[in-house]
Chemist: 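Encoded as structure tokens, here's the structure I'll be asking about.
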Number of protein chains: 2
Amino acid sequence: MENFREMMKGVLEGCVLEIISRGETYGYEITQQLRELGFTDVVEGTVYTITMRLEKNNLVDIEKKPSTKGPPRKFYTLNEVGHEHLKTFWNKWEFVSSKINELKTKTEKEKRI
Amino acid sequence: MENFREMMKGVLEGCVLEIISRGETYGYEITQQLRELGFTDVVEGTVYTITMRLEKNNLVDIEKKPSTKGPPRKFYTLNEVGHEHLKTFWNKWEFVSSKINELKTKTEKEKRI
DNA sequence: ACTAGTATATAGTATTGCTAAGTAGTTTGT
DNA sequence: ACAAACTACTTAGCAATACTATATACTAGT
């Protein structure tokens with residue numbers, strides 16, 4: 001499908017938070033997980049800008065570990081603030097998506113008349 | 001709740017398209033409908049920039065009519081391109097929201113383990 | 001040596017919703 | 001007559017975010 005770019009704004013960071021919350025992971029792996037999930041257009045650069053932002057906002061703890069397959073990896077884990085952020089994200093998502101779906105179904109109902 | 005700003009990016013235009021598709025309407029009314037729907041932070045300026053964009057991209061037909069309560073209203077109706085755009089929007093929304101919810105529920109399942 | 005895969009980083013761009021302010025017509029209260 | 005409130009449209013400028021493109025570097029296979 002076409003460009004989801006704008007629709008991903010505001011939710012991609014939440015997705016990254018969610019993925020990190022499942023357990024220690026690093027940028028490259030997060031990218032792959034997002035692509036597996038279906039967001040095939042997500043590239044490394046995008047994820048790195050997000051992880052950088054998470055660092056800057058102190059939502060994650062960082063640990064650098066060597067890799068057998070390439071350069072050292074930067075592992076992230078959510079700290080307490082990060083977990084709160086994630087919770088807020090899901091609340092927002094719940095609200096927004098329910099409203100959008102309300103708008104959608106309301107019209108489908110009207111269309112049947 | 002806090003700022004939904006980023007999360008609204010990419011969906012607000014779709015909402016406006018949807019509202020217009022229900023029947024001829026104008027900017028001020030669209031704003032009110034969005035606010036009634038729950039997007040209380042949406043203000044006129046935001047909607048007008050969207051309707052301007054719709055005009056520019058030729059997704060709407062325009063008809064100016066007098067109002068008994070104020071200045072003349074600019075009524076919008078979706079043209080064929082607009083309807084296609086709306087359809088694409090809902091397809092995108094269906095895809096993205098299902099993926100996000102997949103990510104959400106997958107984790108909830110894991111949390112139960 | 002070369003290529004591919006793994007891994008991090010960053011400068012620059014486009015899009016988009018919001019802020020803030022202005023212009024104008026109508027109605028209501030004083 | 002005047003002000004305030006509501007209706008209605010418009011625009012300049014801002015902030016946030018995801019993407020593009022590119023650079024760097026380590027490892028393994030050919």
Side-chain angles (χ1 to χ4, degrees), chain A residues 2-17 24-35 39-57 59-60 62-76 85 89 92 96 99-100, chain B residues 2-17 24-35 39-57 59-60 62-76 85 89 92 96 99-100:
Chain A
E2 295 152 70
N3 70 319
F4 294 97
R5 191 178 182 145
E6 295 310 326
M7 207 174 270
M8 293 309 287
K9 283 192 184 174
V11 296
L12 199 52
E13 182 180 307
C15 292
V16 172
L17 280 174
E24 205 183 41
T25 184
Y26 55 99
Y28 191 78
E29 196 180 44
I30 293 169
T31 310
Q32 289 177 313
Q33 285 192 38
L34 285 169
R35 293 171 79 94
F39 300 131
T40 50
D41 290 342
V42 175
V43 291
E44 281 118 296
T46 304
V47 173
Y48 287 109
T49 50
I50 293 172
T51 51
M52 289 299 156
R53 202 158 64 226
L54 300 181
E55 285 184 35
K56 202 183 113 200
N57 298 339
L59 306 180
V60 286
I62 309 168
E63 202 180 342
K64 215 160 196 171
K65 296 182 189 177
S67 166
T68 55
K69 294 181 183 173
R73 297 164 174 166
K74 248 173 99 175
F75 282 88
Y76 296 104
H85 234 78
F89 165 72
K92 278 197 226 174
V96 171
K99 290 303 177 187
I100 305 280
Chain B
E2 293 153 68
N3 71 317
F4 293 97
R5 191 182 185 141
E6 295 310 323
M7 207 174 271
M8 293 310 287
K9 285 194 182 174
V11 297
L12 198 53
E13 181 180 307
C15 293
V16 171
L17 279 174
E24 207 181 40
T25 184
Y26 54 99
Y28 191 79
E29 196 181 42
I30 294 169
T31 310
Q32 289 176 312
Q33 285 191 38
L34 285 168
R35 294 172 78 93
F39 300 129
T40 50
D41 290 342
V42 175
V43 290
E44 281 119 297
T46 304
V47 173
Y48 287 111
T49 52
I50 293 173
T51 52
M52 289 299 157
R53 205 157 63 225
L54 300 180
E55 284 185 36
K56 202 183 114 201
N57 297 338
L59 307 180
V60 286
I62 310 168
E63 203 180 343
K64 213 158 195 172
K65 296 181 187 178
S67 166
T68 53
K69 294 182 183 172
R73 298 164 174 166
K74 251 174 97 175
F75 281 88
Y76 295 103
H85 234 77
F89 165 73
K92 279 197 228 174
V96 171
K99 291 301 177 188
I100 305 279

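Just so it is clear: chains get the letters A, B, ... in the order the sequence lines come, proteins before strands, and each one is counted from 1. Only heavy atoms go into these numbers, but all of them, side chains included; no hydrogens, no water, no symmetry mates.
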Chemist: Measuring to OP1 and OP2 of D:dA8, would you say a side-chain N or O of B:R73 lies under 4.0 angstrom away?
Modeler: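 Checking D:dA8 against B:R73, a side-chain N or O does come within under 4.0 Å of OP1 or OP2.
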Chemist: Atom CE of A:M7 to atom P of C:dG17: distance rounded to whole Å?
Modeler: 10 Å
Chemist: Hey, does B:E13 reach any base, or is it just sugar-phosphate, or nothing, if we go heavy atoms under 4.0 Å?
Modeler: sugar-phosphate
Chemist: Round to a whole Å and report the spacing from CD of A:E24 to P of C:dA7.
Modeler: 14 Å
Chemist: So what does B:G45 touch, heavy atoms closer than 4.0 Å: a base, only the sugar-phosphate, or nothing?
Modeler: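 If one applies the 4.0 Å heavy-atom cut-off, B:G45 turns out to touch a base.
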Chemist: Can you check whether B:S67 has a side-chain N or O nearer than 4.0 Å to OP1 or OP2 of D:dA8?
Modeler: yes
Chemist: Given atom CD of A:E6 and atom P of D:dA18, what is their separation to the nearest angstrom?
Modeler: 10 Å
Chemist: Counting heavy atoms from C-beta on, name the nucleotide in D:dT7, C:dT6, C:dT15 closest to the side chain of A:P71.
Modeler: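 Given the options D:dT7, C:dT6, C:dT15, the side chain of A:P71 is closest to C:dT6.
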Chemist: With the side chain counted from C-beta on, respond yes when A:T25 and A:Y76 share a heavy-atom pair under 4.5 Å apart, and no when they do not.
Modeler: no
Chemist: Calculate the interatomic distance between B:E44 atom CD and C:dA20 atom C1'; express it in whole Å.
Modeler: 12 Å
Chemist: Establish, with yes or no, whether the OP1 or OP2 oxygen of C:dT15 is under 4.0 angstrom from a side-chain nitrogen or oxygen of B:R53.
Modeler: no
Chemist: Can you find a side chain N or O atom of B:T46 that sits less than 4.0 Å from OP1 or OP2 on C:dC18?
Modeler: yes
Chemist: As a test of reading the structure: which of D:dC14, C:dT16, D:dT7 is closest to the side chain of B:K9, going by heavy atoms?
Modeler: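 Within the option list, the nearest is C:dT16.
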Chemist: Check whether any side-chain heavy atom of A:I100 lies under 4.5 Å from a side-chain heavy atom of B:F39, and answer yes or no.
Modeler: yes
Chemist: Would you kindly give the CD1-to-C1' distance between A:I30 and C:dT8, to the nearest whole Å?
Modeler: 12 Å
Chemist: So, taking the atom named NZ in B:K65 and the one named CD in B:E24, what distance separates them when rounded to the nearest 0.5 Å?
Modeler: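 With rounding to 0.5 Å, NZ (B:K65) is 3.5 Å from CD (B:E24).
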Chemist: Distance check: side-chain N/O of B:K74 vs OP1/OP2 of D:dT10, anything under 4.0 Å?
Modeler: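 The answer is yes; a side-chain N or O of B:K74 sits under 4.0 Å from OP1 or OP2.
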Chemist: With the side chain of A:L12 defined as its heavy atoms from C-beta on, choose the nearest nucleotide among C:dG17, C:dT8, D:dC19.
Modeler: D:dC19
Chemist: Can you tell me how far apart CG (B:L54) and CG (B:L59) are? Round to the nearest 0.5 Å.
Modeler: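 Those atoms lie 5.5 Å apart.
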Chemist: For A:T51 and for A:K69, locate the closest nucleotide of DNA chain C by heavy-atom distance; then report the residue assigned to the nucleotide nearer the 5' terminus.
Modeler: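 Result of the comparison: A:K69.
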Chemist: Is the backbone of A:G27 close enough, under 3.5 Å, to the side chain of A:T31 for a donor and an acceptor to pair up by distance?
Modeler: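 Checked: pair present.
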Chemist: Sub-3.5 Å donor-acceptor pair from the side chain of A:T51 to the main-chain atoms of A:V47, do we have one?
Modeler: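 Judged by distance alone, yes, a pair lies under 3.5 Å.
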Chemist: Roughly how many Å is it from OH in B:Y48 to C1' in D:dT7, rounded to a whole number?
Modeler: 9 Å
Chemist: At less than 4.0 Å, is any side-chain N or O atom of A:Y26 found next to OP1 or OP2 of C:dA7? Yes or no.
Modeler: yes
Chemist: Grab the CD1-P distance between B:I62 and D:dC9 for me, whole Å please.
Modeler: 11 Å
Chemist: Rounded to the nearest Å, what distance is computed from the CE atom of residue A:M52 to the P atom of nucleotide D:dC19?
Modeler: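 The distance from CE of A:M52 to P of D:dC19 comes to 17 Å, rounded to the nearest Å.
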Chemist: Would you kindly compare B:T49 and A:I50 by the position of their nearest DNA chain D nucleotide and give the one closer to the 5′ end?
Modeler: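 Between the two, 5'-proximity favours B:T49.
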